[in-house]
There are 2 protein chains.
Amino acid sequence: MCDKSIKDLVDHYIHVSFSVNKIAEGMIKEEISSDLTNDQHYTLRYINKVGTCTSSELAEVFDVKKSAITAIITRLWEKGLILRTRDENDRRLVHLSLTEEGDELFRKTEERIQALVGSFIEKFDQDEIVQFLKTYDKLNEILTDRKSRVE
Amino acid sequence: MCDKSIKDLVDHYIHVSFSVNKIAEGMIKEEISSDLTNDQHYTLRYINKVGTCTSSELAEVFDVKKSAITAIITRLWEKGLILRTRDENDRRLVHLSLTEEGDELFRKTEERIQALVGSFIEKFDQDEIVQFLKTYDKLNEILTDRKSRVE
DNA sequence: GGTTAATAGTTAAACAGTTGAACAGTTAAA
DNA sequence: TTTAACTGTTCAACTGTTTAACTATTAACC
């Protein structure tokens with residue numbers, strides 16, 4: 001049916017992903033900005049998921065330099081949301097984890113974001129959204145692969 | 001087959017979109033950072049697309065305050081990439097357009113980004129990518145709708 | 001074992017991007 | 001004509017980012 005050129009597909013993808021990202025980031029911000037920035041929330045989410053991690057691990061996942069992580073972690077630490085624990089076996093390492101307050105605040109903001117995103121996801125057939133996520137996963141794998149091969 | 005709960009779908013979406021965005025932004029940056037930041041490129045792209053626009057229009061599209069646009073436009077203007085022209089009929093308005101250099105630089109960076117994104121898009125069946133974009137478009141519409149209704 | 005490498009994290013300076021509030025200039029409305 | 005609304009800018013303050021230099025610690029090697 002449609003024989004769109006690669007360039008058209010690329011244009012289309014760039015346009016729609018840009019638009020969705022801008023609007024979605026804006027809405028999340030609206031939802032949680034009284035408590036946290038979006039990046040701070042993403043940081044809490046990652047630590048909540050893995051339980052404990054290091055700065056280097058965060059730098060890898062967020063694709064930024066370690067000093068950027070130090071800055072963001074220090075801000076969360078100043079708010080009393082994060083614990084920094086030196087490893088006794090390898091004293092170079094600092095293990096990061098959520099404090100009680102951090103855990104609580106994450107849950108509170110995450111709940112609002114879940115409700116927000118859920119209200120959009122609900123508008124799709126389950127089949128459609130599952131297929132969409134399948135392709136999105138594949139794209140994610142391709143990018144992750146390429147990234148690891150470049151480094 | 002799969003009867004995933006809304007929460008699982010939302011978790012899945014948040015995770016994969018976060019990962020894809022981080023990696024993609026990083027790769028684009030790698031490709032063009034010697035000339036422009038990602039946001040500067042997006043700004044040139046928008047102006048290139050519409051030919052001429054105002055700060056307020058950019059603020060609307062980028063979903064930020066006007067003072068943020070002033071800052072980014074001033075940087076591009078200092079580099080000689082953008083023209084600021086006062087409207088003679090309504091002297092409040094400033095029309096933004098690309099200079100020759102701006103146009104040239106946009107083309108150069110855009111070419112590299114097209115090649116980059118194209119190399120990923122190519123790995124999919126055309127049917128799969130078209131279906132993906134269809135769902136992505138639908139999501140974009142829903143978000144745009146909701147945003148305009150909130151304001 | 002002692003010197004050299006590599007690793008984990010921090011600090012500091014510099015910059016891009018963002019907001020909010022105050023402002024100037026201009027146009028529209030009353 | 002006065003008042004209200006709008007467009008864009010400036011400024012101070014903040015978050016997030018990089019690069020480079022640094023500290024402290026561990027690993028490797030001769």
Side-chain angles (χ1 to χ4, degrees), chain A residues 18 21-22 25-30 32-44 46-47 52-79 81-97 151, chain B residues 18 21-22 25-30 32-44 46-47 52-79 81-97 151:
Chain A
F18 175 82
N21 285 342
K22 282 289 181 193
E25 290 288 304
M27 287 180 172
I28 291 178
K29 186 176 171 185
E30 190 116 341
I32 68 170
S33 68
S34 54
D35 300 303
L36 292 171
T37 66
N38 288 11
D39 281 329
Q40 285 168 1
H41 175 78
Y42 292 141
T43 306
L44 295 188
Y46 185 81
I47 300 178
T52 270
C53 69
T54 64
S55 281
S56 299
E57 187 180 339
L58 277 175
E60 169 73 18
V61 172
F62 282 64
D63 204 15
V64 296
K65 297 285 179 279
K66 284 186 296 179
S67 55
I69 300 298
T70 298
I72 200 169
I73 290 297
T74 297
R75 280 177 215 117
L76 290 168
W77 176 80
E78 283 166 350
K79 293 185 182 188
L81 303 175
I82 276 194
L83 232 51
R84 284 168 145 152
T85 319
R86 275 235 115 80
D87 187 312
E88 284 307 319
N89 289 23
D90 184 342
R91 296 190 50 75
R92 288 172 300 185
L93 299 176
V94 175
H95 297 293
L96 306 171
S97 56
E151 279 158 3
Chain B
F18 174 82
N21 284 341
K22 283 288 181 192
E25 290 288 305
M27 285 180 174
I28 290 177
K29 185 175 171 186
E30 190 115 342
I32 68 171
S33 68
S34 55
D35 299 303
L36 292 170
T37 66
N38 288 11
D39 282 329
Q40 287 169 0
H41 176 78
Y42 292 140
T43 307
L44 295 189
Y46 185 79
I47 300 178
T52 269
C53 69
T54 64
S55 280
S56 299
E57 186 180 339
L58 277 174
E60 168 73 17
V61 172
F62 283 64
D63 203 15
V64 295
K65 298 283 177 281
K66 284 186 294 180
S67 54
I69 299 297
T70 299
I72 201 170
I73 290 296
T74 297
R75 279 179 217 113
L76 290 168
W77 176 79
E78 283 167 350
K79 292 186 183 188
L81 304 175
I82 277 194
L83 232 51
R84 284 166 145 152
T85 318
R86 276 233 114 82
D87 188 310
E88 285 306 320
N89 290 22
D90 184 343
R91 296 190 51 74
R92 288 172 300 185
L93 298 177
V94 176
H95 297 292
L96 305 171
S97 56
E151 277 156 6

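Each chain gets a letter, A, B and so on, in the order its sequence line appears, and its residues count up from 1. Since we're looking at a predicted model, the values are computed, not measured.
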Figure out the CG/C1' separation between A:Asp63 and D:dG16, and round it to whole Å.
14 Å
Min side-chain heavy-atom separation B:Leu76-B:Leu36 under 4.5 Å
yes
Give DNA chain C the dot-bracket treatment, 5' to 3': Watson-Crick (N1-N3 with N6-O4 or O6-N4) or G-U (N1-O2, O6-N3) under 3.5 Å, [ ] crossing, | other strand.
||||.|||||||||||||||||||||||||
Which heavy atom of B:Gln40 sits nearest to which heavy atom of B:Lys79, and what is that distance?
OE1-NZ, 3.3 Å
Start and end of chain B contact along DNA chain C [non-hydrogen atoms, under 4.0 Å]:
C:dA16 to C:dT27
Heavy-atom nearest nucleotide on DNA chain D for A:Ala68 versus A:Lys79: which residue maps closer to 5'?
A:Lys79
Set of residues satisfying salt bridge (charged side-chain N to carboxylate O under 4.0 Å, His left out) with respect to B:Glu78, sequence neighbours excluded
none
Ranking A:Phe62 and A:Asp87 by the position along DNA chain D of their nearest nucleotide, the one closer to 5' is A:Phe62
Nearest non-hydrogen partners of A:Ser97 and A:Ile47, listed with the distance
CA-CG2, 3.7 Å
Which residues satisfy the side-chain contact (heavy atoms from CB on, under 4.5 Å) test with B:Glu25, sequence neighbours excluded?
B:Asn38, B:Tyr42
Is the base of C:dA5 syn or anti, where syn means the angle lies within 90° of 0?
syn
List the steps and the verdict of side chain to side chain contact (heavy atoms under 4.5 Å, CB included) for B:Val64 and B:Ile72.
CA-CA 11 Å; B:Val64 295; B:Ile72 201 170; over 6 Å; no
Separation of D:dT18 atom P from B:Asp39 atom CG, nearest Å, is 14 Å
Side chains of B:Trp77 and B:Leu96: does their closest heavy-atom pair fall under 4.5 Å?
no
Mind checking side-chain contact (heavy atoms from CB on, under 4.5 Å) for B:Thr70 and listing every partner two or more places apart, or none if nothing turns up?
B:Thr74, B:Arg84
Looking only at heavy atoms, what is the nearest atom pair of A:Tyr46 and A:Glu57, with distance?
OH-OE2, 2.7 Å
Any side-chain heavy-atom pair of A:Ile82 and A:Leu44 under 4.5 Å:
yes
Just how far, in rounded Å, is P of D:dT18 from CD1 of A:Ile72?
12 Å
Report yes if the side chains of A:Ser55 and A:Val94 come closer than 4.5 Å at any heavy-atom pair, otherwise no.
no
Using a 4.0 Å cut-off on protein heavy atoms (strictly under), produce a 5'-to-3' string for nucleotides 7-14 of chain D with B for base contact, S for backbone-only sugar-phosphate contact, and - for none.
BBBB----
Using atom CD of B:Glu30 as one end and atom C1' of D:dT17 as the other, report the distance to the nearest whole Å.
15 Å
Report which part of the nucleic acid A:Asn38 touches: base, sugar-phosphate, or nothing (heavy-atom distance under 4.0 Å, all strands).
nothing
